[in-house]
Amino acid sequence: MSYLRGFLPWIALAIVSTLGWQWGALAGLVLGAAMLVRARRAGLAADALILECSTVAFFTALTIVAFARPDSGLKDHIGALALGWLAVTAWTTLAVGRPFTTGIARRQAPPEVWDTYAFRHINVVITRAWAIAFTLSAAAMAGVVWAGLGAVAALVTQFAGFVLPALFTAWYPGWARARLAPAAHRA
């Protein structure tokens with residue numbers, strides 16, 4: 001469940017934006033910054049906080065724009081922009097060989113497994129699943145806005161963009177460890 005904790009600012013954006021997009025942006029920024037400060041005070045290294053740093057960067061920019069131009073048409077595309085930003089973050093961490101889920105997984109896994117093939121492989125697959133979900137959800141959100149399908153369709157799309165990869169994240173590590181363990185003994 002610690003994976004979902006990292007997405008709380010994004011969830012707050014979706015919920016609080018119903019009161020005004022600038023308030024959703026500010027809520028995301030405050031929550032994201034608080035989580036980042038708390039994690040740093042707890043001694044977590046910056047490389048374990050990729051999602052948190054990306055979150056603060058996004059919400060800082062969004063909050064500035066939202067309060068400077070509250071009437072901007074950008075407000076209609078927040079969901080797609082947020083999911084798109086998360087997709088870019090996830091894909092970038094994969095491209096540079098540092099899947100964003102690794103830092104989160106290290107908070108739960110013992111240090112002796114961090115350098116194993118299984119640990120690295122599981123995090124690549126999980127990050128890829130999040131990247132795909134964010135990419136598809138961003139495209140779907142853009143479609144929802146373009147088609148004028150309304151707030152309910154947008155909320156369902158955003159919900160699916162987080163819940164489906166979260167369910168995969170909960171299931172996949174156990175399944176993968178069971179599959180990879182026999183292969184490790186054969187090698």
Side-chain angles (χ1 to χ4, degrees), residues 1-93 100-101 103-104 107-108 126-127 129-131 133-146 148-167 169-170:
M1 283 317 238
S2 68
Y3 283 95
L4 287 181
R5 194 175 314 124
F7 295 114
L8 287 176
W10 304 92
I11 295 166
L13 170 67
I15 295 169
V16 178
S17 285
T18 60
L19 303 174
W21 74 299
Q22 63 272 50
W23 302 113
L26 183 60
L29 176 59
V30 169
L31 194 51
M35 292 171 66
L36 180 58
V37 168
R38 183 173 177 235
R40 289 297 290 157
R41 284 188 180 153
L44 292 174
D47 68 341
L49 300 170
I50 294 168
L51 180 60
E52 290 85 346
C53 291
S54 175
T55 296
V56 169
F58 177 83
F59 282 111
T60 298
L62 186 64
T63 300
I64 291 168
V65 171
F67 278 98
R69 301 269 328 271
D71 59 337
S72 170
L74 195 63
K75 68 182 175 189
D76 297 330
H77 304 281
I78 295 173
L81 288 171
L83 289 161
W85 180 270
L86 287 167
V88 168
T89 299
W91 288 117
T92 300
T93 66
F100 83 87
T101 60
I104 299 166
R107 298 176 201 172
Q108 301 169 19
I126 290 173
T127 298
W130 282 100
F134 291 146
T135 302
L136 294 175
S137 297
M141 280 298 295
V144 165
V145 171
W146 179 80
L149 297 179
V152 172
L155 193 58
V156 168
T157 301
Q158 288 175 326
F159 184 75
F162 285 98
V163 170
L164 296 176
L167 291 173
T169 298

State, to 0.1 Å, how close [X] and [Y] come at their nearest heavy-atom pair, and which atoms those are.
X	Y	answer
T127	A90	CG2-O, 3.8 Å
G150	V144	O-CG1, 3.9 Å
G161	S137	CA-OG, 3.0 Å
A87	A131	CB-O, 4.2 Å
S54	W85	OG-NE1, 2.6 Å
A140	T157	CB-CG2, 3.6 Å

Got T101 and T169 here, is their nearest side-chain heavy-atom distance under 4.5 Å?
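No - every pair of side-chain heavy atoms lies 4.5 Å or more apart.
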
For side-chain contact (heavy atoms from CB on, under 4.5 Å), just list the numbers for I50 and I104, CA-CA rounded to whole Å, side-chain angles, deciding distance to a tenth of an Å, and then say yes or no.
CA-CA 9 Å; I50 294 168; I104 299 166; over 6 Å; no

Going from [atom1] on [X] to [atom2] on [Y], what distance comes out if it is rounded to the nearest 0.5 angstrom?
X	Y	atom1	atom2	value
L49	L36	CG	CG	6.0 Å
E52	F100	CD	CZ	10.0 Å
L136	L83	CG	CG	10.5 Å

Please report the C-alpha distance between T89 and F134 in whole Å, then the side-chain angles of each, then the deciding distance to 0.1 Å, and finally whether the side-chain contact (heavy atoms from CB on, under 4.5 Å) criterion is met.
CA-CA 10 Å; T89 299; F134 291 146; over 6 Å; no

Does the pair W130 and F162 meet the rule for a side-chain contact (heavy atoms from CB on, under 4.5 Å), with working shown?
CA-CA 8 Å; W130 282 100; F162 285 98; 4.2 Å; yes

Report all side-chain donor-acceptor pairs from residues 58-66 shorter than 3.5 Å, counting only partners two or more places apart or in another chain.
{"unit_1": "T60", "atom_1": "OG1", "unit_2": "V56", "atom_2": "O", "d": "2.7"}
{"unit_1": "T63", "atom_1": "OG1", "unit_2": "A25", "atom_2": "O", "d": "3.1"}
{"unit_1": "T63", "atom_1": "OG1", "unit_2": "F59", "atom_2": "O", "d": "2.7"}

Could you work out, with side chain to side chain contact (heavy atoms under 4.5 Å, CB included) as the rule, every residue matching V88, not counting sequence neighbours?
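Applying side chain to side chain contact (heavy atoms under 4.5 Å, CB included) to V88 gives T92.
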
Which pairs would a plain distance check flag for residues 6-24, meaning a side-chain donor or acceptor within less than 3.5 Å of a matching protein atom at least two apart in sequence or in another chain?
{"unit_1": "W10", "atom_1": "NE1", "unit_2": "T55", "atom_2": "OG1", "d": "2.9"}
{"unit_1": "S17", "atom_1": "OG", "unit_2": "L13", "atom_2": "O", "d": "2.6"}
{"unit_1": "T18", "atom_1": "OG1", "unit_2": "I15", "atom_2": "O", "d": "2.7"}
{"unit_1": "W21", "atom_1": "NE1", "unit_2": "P70", "atom_2": "O", "d": "2.8"}

Sidechain-backbone polar pair: R107 side chain, A48 backbone, donor-acceptor under 3.5 Å:
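Checked: pair present.
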
Criterion side-chain contact (heavy atoms from CB on, under 4.5 Å) on Q158 and L155, from CA distance to verdict:
CA-CA 5 Å; Q158 288 175 326; L155 193 58; 4.3 Å; yes

Heavy-atom neighbours of F159 CZ exceed 12 at 6.0 Å:
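No, CZ of F159 has 12 or fewer neighbouring heavy atoms, counting only those of other groups under 6.0 Å.
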
